[in-house]
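Notes to accompany the following structure.
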Amino acid sequence: MTWHAACNNGSCVEVAYDDGWVGVRDGKRGDGPVLVYSGPEWISFIDAAKAGRFDLDRIAAGGPRGDHHGPRNDDRDHRDGP
């Protein structure tokens, strides 16, 4: 599996794709936990981010945020990646 990094002001996030799943981790802690999302969950997140639903100024102003769908909480072991 190949991890792809995106960094901004020294903060990095890494994303990997594997068999229909998307793994997300802290770029500074490659051995740390991995959040795992299905393909449709990831697409929904990206669409919401592009629409500005997570913009801090919008959230602080109490603007509409829509439904919140966080990481899955199920029996999969997320420590080893997707």
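These figures come from a predicted structure and were not determined experimentally. Just so you know, residue 1 is the first one in the sequence shown, and it goes up from there.
Residues Y37 and V24 have side chains in contact (heavy-atom distance under 4.5 Å, counting atoms from C-beta outward). When side chains are defined from C-beta on, F45 does not count as touching I43, because their heavy atoms never get closer than 4.5 Å. No side-chain heavy atom of V36 sits under 4.5 Å from any side-chain heavy atom of V22. Between M1 and Y17, the closest side-chain pair of non-hydrogen atoms is not below 4.5 Å.
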Run W3 and V34 through side chain to side chain contact (heavy atoms under 4.5 Å, CB included) and show every step you take. CA-CA 11 Å; W3 290 92; V34 176; 3.9 Å; yes
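Screening residues 6-53 for disulfide (SG to SG under 2.5 Å) gives C7-C12 as the qualifying pairs, with residues at least two apart or on separate chains.
Residues satisfying the side chain to side chain contact (heavy atoms under 4.5 Å, CB included) test with I46, not counting sequence neighbours, are W42, K50. For A5, the side chain to side chain contact (heavy atoms under 4.5 Å, CB included) partners two or more places apart in sequence, or in a different chain, are E14.
Considering all non-hydrogen atoms of both residues, R25 and P33 come closest at CB-O, 3.7 Å.
S44 and E41 form no side-chain donor-acceptor contact under 3.5 Å, judged by distance and modelled atom types alone.
Although no hydrogens or angles enter the test, the distance criterion places a donor-acceptor pair under 3.5 Å between the side chain of D26 and the main chain of K28.
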